[in-house]
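Take a look at the structure below.
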Amino acid sequence: MNEVIAKRALGAALAYAAGDAFGATTEFMTPAEIKDRYGVRRKMIGEGWLRLRPGQVTDDTQMCIYLARSILRSKGFCPVGVADGFVEWMRSKPVDIGSTVRAGIRRYITEKKVLAEPSEWAGGNGSAMRILPLVVYCLKSWHLFPAMALGQGRITHHNRDADLIMLALGECLKVAIETGDKMAVLDVASAFIRRYPAYSFSRYKGECSGYIVDTFKCVMHYFFDETSLENIIIGTASQGGDADTTSAIAGMLAGAIYGVDAIPRQWQRTLDSDVQRTLTGHMYELLQLPCCWVEAQWEAQCNAEWFALEQAEGTLYDGL
Ligand SMILES: [Mg+2]
């Protein structure tokens, strides 16, 4: 295993969890309310509408852990295994669960349908927010990533915005982990928004909701605008809205570029130690496990879904 790559992947995972725990404090607040109550907050303190312990993570990090675990258990990727993992997670009575995620897992339980039908209402950030473990797993066989990403994402979110941005964020994280070069990530992001100007974050107006387009703009604005991991996460969290998810995704990109050591000491000490241990173990295992499908039928179906998306959009990764 390439130790430099492993370190960057671990930086992404731990900063993702740190962003989740840090941002959850100000989820659903407005920037004015946040400023009023905290000024500029630099400490990880928990609380928020979920009344969290300092360092406690939410559904974002938990879904990443369950997705990683399902791949490791199946010794490969299969949407059924991932869906079963999500059922197990929902039954563990998580502290929070998004409405589209809940509806998707319920549909799988009651109708045994693994992938959702397309829906204009499924443009939430839930499928993109858990992409991290799949990116790490697919690094060694990147051509398998798009179909697998759709296979995990569409369990809950089958929506054009959600699909396209999930894939773009995956590509950004891959490049961040492989190169450690922020400008290389900017090249990918710029190519993406040249193609999809509606997702442009260049004139950011404070969007920060759980709608994936808002989430993407918020994450990219702070990731490229700020120059330290700490300020990137503080920036996204200070916008409020879906602050745990925006901070987690921004943390993920920042962690790959700036590394674990850039996570402030107080956050490292406070972040749930079980989560840190679990993520560390899972990242190393995902990097080592050969990347493959475990069921030919699902490989064929997800490849067909990816083929159909490329037919509709044109060759998606061309020039990205
Ligand atoms: Mg959350």
Side-chain angles (χ1 to χ4, degrees), residues 6-27 41-73 82 85-98 101 125-126 128-137 152 173 177 229-230 232-234 236-237 242-256 258-289:
K7 268 194 170 165
R8 291 197 197 115
L10 186 59
L14 293 179
Y16 176 95
D20 182 10
F22 185 88
T25 304
T26 49
E27 188 180 10
R41 178 174 61 95
R42 300 198 166 271
K43 279 195 156 182
M44 186 181 280
I45 56 172
E47 303 174 3
W49 74 283
L50 294 169
R51 297 170 188 272
L52 301 168
R53 297 185 305 277
Q56 189 178 352
V57 297
T58 73
D59 51 338
D60 307 60
T61 306
Q62 288 167 347
M63 289 201 92
C64 280
I65 288 174
Y66 274 82
L67 175 53
R69 192 179 291 169
S70 76
I71 294 170
L72 295 169
R73 272 187 191 160
V82 177
F86 291 167
V87 171
E88 193 183 332
W89 167 68
M90 191 164 84
R91 291 187 170 147
S92 73
K93 298 202 181 358
V95 64
D96 188 22
I97 180 166
V101 167
N125 56 24
M129 83 181 187
R130 55 181 191 245
I131 201 65
L132 183 150
L134 191 68
V135 171
V136 172
Y137 178 56
Q152 78 81 21
L173 178 60
I177 292 175
L229 182 148
E230 182 180 24
I232 288 167
I233 292 178
I234 288 174
T236 50
D242 201 2
D244 55 334
T245 304
T246 55
S247 302
I249 299 175
M252 158 184 107
L253 295 174
Y258 299 102
V260 176
D261 293 341
I263 302 173
R265 290 280 170 270
Q266 190 266 339
W267 301 4
Q268 291 191 35
R269 280 197 307 273
T270 309
L271 182 63
D272 188 321
S273 54
D274 278 346
V275 165
Q276 295 196 49
R277 236 189 333 269
T278 303
L279 280 174
T280 304
H282 285 0
M283 288 308 119
Y284 279 102
E285 286 183 65
L286 286 172
L287 284 165
Q288 283 172 314
L289 186 69

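This is a predicted model, so every value here is computed, not measured. Quick note: residue numbers are just sequence positions, from 1.
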Notebook entry, point to check: Rounded to the nearest 0.5 Å, what separation is found between the CG atom of L14 and the CG atom of D261?
Noted result: 10.5 Å

Check: What closest approach, in Å, do S70 and V82 show between heavy atoms, and which atom pair accounts for it?
Finding: OG-CG2, 3.4 Å

Checklist line | Smallest separation among heavy atoms of A18 and I263, with atom names | finding: CB-CG2, 4.3 Å

Check: To the nearest 0.5 Å, what is the distance between CH2 (W89) and CD (Q62)?
Finding: 6.5 Å

Margin query: Quick one: does any side-chain atom of Q276 pair with a main-chain N or O of S273 as donor and acceptor, under 3.5 Å?
Written below: no

Check: Of all residues at least two apart in sequence or in a different chain, which pass the side chain to side chain contact (heavy atoms under 4.5 Å, CB included) check with D274?
Finding: D272, R277

Item checked: Side-chain (T270) to main-chain (P54) donor-acceptor, under 3.5 angstrom -> no

Notebook entry, point to check: Could you state the interatomic distance from NE2 (H282) to CG (L289), rounded to the nearest 0.5 Å?
Noted result: 12.0 Å

Next item on the list: May I ask you to check if R41 and F22 form a cation-pi contact, with NZ or CZ under 6.0 angstrom from the six-membered ring centre and within 45° of the axis?
Entry: yes

Next item on the list: Please answer whether the main-chain N or O of R130 pairs with a side-chain N or O of Q152 as donor and acceptor at a distance below 3.5 Å.
Entry: no

Margin query: Let me confirm one number: the CH2-CD distance from W49 to E27, rounded to the nearest 0.5 Å.
Written below: 6.0 Å

Margin query: Main chain of G46, side chain of Q56: is a donor-acceptor contact present, judged purely on distance under 3.5 Å?
Written below: no

Next item on the list: With sequence neighbours excluded, tell me which residues meet side chain to side chain donor-acceptor pair (under 3.5 Å) with E285.
Entry: none

Margin query: Can a donor-acceptor pair be found, under 3.5 Å and without considering hydrogens, that links the side chain of T236 to the backbone of I233?
Written below: yes

Checklist line | Minimum heavy-atom distance between A15 and L229, given as atom pair plus value | finding: CB-CD1, 3.9 Å

Next item on the list: Look up atom CD1 in I249 and atom CG in N125, then write down how far apart they are to the nearest 0.5 Å.
Entry: 5.5 Å

Item checked: Under 3.5 Å donor-acceptor, W267 side chain and A21 backbone -> no

Notebook entry, point to check: Do you know the tightest heavy-atom contact between L52 and A24?
Noted result: CD1-CB, 3.3 Å

Margin query: Could you report the tightest heavy-atom contact between A68 and L286, atom names first, then the distance?
Written below: CB-CD1, 3.9 Å

Note to self: When you measure from the side chain of Y16 to the backbone of M129, do you find a donor-acceptor pair of N or O atoms at a distance under 3.5 Å?
What the structure shows: yes

Margin query: Can you tell me how far apart CG (L253) and CG (L173) are? Round to the nearest 0.5 Å.
Written below: 6.0 Å

Margin query: Has T26 got a side-chain atom pairing as donor or acceptor with A237's backbone, closer than 3.5 angstrom?
Written below: yes

Next item on the list: Give the minimum heavy-atom separation between D96 and D59, together with the two atoms involved.
Entry: O-CB, 3.2 Å

Check: Do E88 and R73 meet the salt-bridge criterion of a basic N to acidic O distance under 4.0 Å?
Finding: yes

